[in-house]
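Just so it is clear, the model here is predicted, and its values are computed rather than measured. The first residue of the sequence shown is numbered 1, and numbering continues consecutively from there.
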Amino acid sequence: QAQFVESGGGLVQPGGSLRLSCTASGFSLDDYELGWFRQAPGQEHEAVSCIDNSDGGTYYADSVKGRFTISRDNAKNTVYLQMNNLLPEDTAVYYCSYTGPVRDYVCFATGSWGQGTQVTVAS
């Protein structure tokens, strides 16, 4: 059974928007810090955005700051990534994961990768 189910990806033109969703299966996300990570072809996984489980602290990669917003809805057992003003460089498979302690300058994944959701930004 997959730990997380990511959805919401697709093909979008530069400047467009998408909202990704990550829903946990079989357990509650209430007590966990969570993050979105992405892997472009030929690249390693990189942290995109993370959110803590208490005071709403967040991390954003410099490349997405001001364009992406992470949020969570514990009642729906879901974490979201609102992606605005998308760029071709955002093309990747996006994954969610547990993370270590979230700070504005650091976030790292501690869980395994699921299936992810493909985001393709192209004209």
Ignoring hydrogens, what is the shortest heavy-atom contact between [X] and [Y]? Give both atom names and the distance.
X: F37; Y: C107; value: CZ-SG, 4.1 Å
X: A40; Y: A92; value: N-CB, 3.8 Å
X: A109; Y: S97; value: CB-OG, 3.7 Å
X: E33; Y: V102; value: OE2-N, 3.2 Å
X: S123; Y: P14; value: N-CD, 3.8 Å
X: E6; Y: Q115; value: OE1-N, 3.9 Å

**Report entry** Intermediate values then yes/no, side-chain contact (heavy atoms from CB on, under 4.5 Å), V79 and Y32
**Finding:** CA-CA 11 Å; V79 61; Y32 297 96; over 6 Å; no

Measure the spacing between [atom1] of [X] and [atom2] of [Y] and express it to the nearest 0.5 Å.
X: Q3; Y: S25; atom1: CD; atom2: OG; answer: 7.0 Å
X: W36; Y: L20; atom1: CH2; atom2: CG; answer: 4.5 Å
X: L34; Y: S71; atom1: CG; atom2: OG; answer: 11.0 Å

Query raised in the report: S17: what forms a side-chain contact (heavy atoms from CB on, under 4.5 Å) with it, not counting sequence neighbours?
Result: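 S17 satisfies side-chain contact (heavy atoms from CB on, under 4.5 Å) with Q82, N84 once adjacent residues are dropped.
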
Report summary line: Across all chains, not counting sequence neighbours, the side-chain contact (heavy atoms from CB on, under 4.5 Å) partners of V12 are L18, L86, V121

Requested in this report: Please write out which residues are connected to L11 in a hydrophobic cluster, directly or through intermediates, given that two of Ile, Leu, Val, Met, Phe, Trp, Tyr count as joined at side-chain heavy-atom separations below 4.5 angstrom.
Outcome: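 Once heavy-atom contacts under 4.5 Å are chained together, L11 still belongs with nothing else.
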
Query raised in the report: Rest of the hydrophobic cluster containing Y80 (Ile/Leu/Val/Met/Phe/Trp/Tyr, side-chain heavy atoms under 4.5 Å)?
Result: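 Other cluster members: none.
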
**Report entry** Ring centroid separation F27 to Y98 under 6.0 Å
**Finding:**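 Judged by ring-centre distance (under 6.0 Å), F27 and Y98 do meet the cut-off.
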
Query raised in the report: What pairs meet the salt bridge (charged side-chain N to carboxylate O under 4.0 Å, His left out) rule with one or both residues in residues 35-48, with sequence neighbours excluded?
Result: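 Counting only pairs at least two positions apart or across chains, the salt bridge (charged side-chain N to carboxylate O under 4.0 Å, His left out) contacts touching residues 35-48 are R38-E46, R38-D90.
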
Report summary line: So the salt bridge (charged side-chain N to carboxylate O under 4.0 Å, His left out) pairs with at least one residue in residues 75-85 (sequence neighbours excluded) are none

Run the side chain to side chain donor-acceptor pair (under 3.5 Å) test against [X] and tell me which residues pass, sequence neighbours left out.
X: N77; result: none
X: T120; result: Q118
X: T91; result: none
X: T78; result: T23

Query - Within residues 58-96 or reaching into it, pairs that qualify as disulfide bond (SG atoms under 2.5 Å apart) - sequence neighbours excluded - result: C22-C96

Distance-only donor-acceptor hits, side chain of residues 48-57, under 3.5 Å, sequence neighbours excluded:
from : atom 1 : to  : atom 2 : distance (Å)
S49  : OG     : Y59 : O      : 3.0
D52  : OD1    : S54 : N      : 3.3
D52  : OD1    : D55 : N      : 3.4
D52  : OD1    : G56 : N      : 2.8
D52  : OD1    : G57 : N      : 3.1
D52  : OD2    : G57 : N      : 3.1
N53  : ND2    : D31 : O      : 2.9
D55  : OD1    : G57 : N      : 3.0

Query raised in the report: Mind checking whether V93 and V64 sit in one hydrophobic cluster, side chains of I, L, V, M, F, W, Y counted as touching below 4.5 Å?
Result: no

Query - ILVMFWY cluster, W113 and F4 together (side-chain gap under 4.5 Å) - result: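 They do not share one cluster, since no chain of ILVMFWY contacts under 4.5 Å joins W113 to F4.
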
Requested in this report: Determine yes or no for a side-chain-to-main-chain donor-acceptor pair under 3.5 angstrom, with Y60 supplying the side chain and I70 the backbone.
Outcome: yes

Query raised in the report: Quick check: are there more than 12 heavy atoms from other residues, nucleotides or ligands sitting under 6.0 Å from CZ of F68?
Result: yes

